[in-house]
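What follows is a single structure, written as structure tokens, with notes after it.
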Amino acid sequence: MKTSLDLPDDLYRQLKAKCALEGRTVRDVATSLFAGWVAGRISAPAVDDATQDYVAAAPDPGEQWRIRWRELTSRISPAAESHGGLLSQLHADRR
């Protein structure tokens, strides 16, 4: 049977990435999880709890951008300072 699921974009990207790293398909992982739950081998949290936990754990896109920006600037700043800054680099390039 074919079905559709509506997942948050970020969750689906993470799912696809993990499946790719493990060499599995999303279909195989979903089928395995559903079969395990139906057979009683795994338990699933209440729907509201699972959704709330995921949403609470995932920073909003703006915060994700700020975190990434801070990370990049912390790596770039020392390299830029070791070259005397942008203005001195521009002057040196003009010579």
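The chain is numbered in sequence order, starting from 1. Only a predicted model underlies this, so the values are computations on that prediction, with no experimental measurement involved.
Residues passing the side-chain contact (heavy atoms from CB on, under 4.5 Å) test with K16 are Y12, V26, sequence neighbours excluded.
L21 and V29 fall into different hydrophobic clusters, defined by Ile, Leu, Val, Met, Phe, Trp and Tyr side-chain heavy atoms under 4.5 Å apart, directly or through other members.
Going from atom CG of D28 over to atom CG of L33 covers 11.0 Å, rounded to the nearest 0.5 Å. Taking OG from S32 and CZ from R41, the interatomic distance works out to 7.0 Å, rounded to the nearest 0.5 Å.
Counting all heavy atoms, side chain and backbone alike, W37 lies closest to I42 at N-CG1, 3.4 Å.
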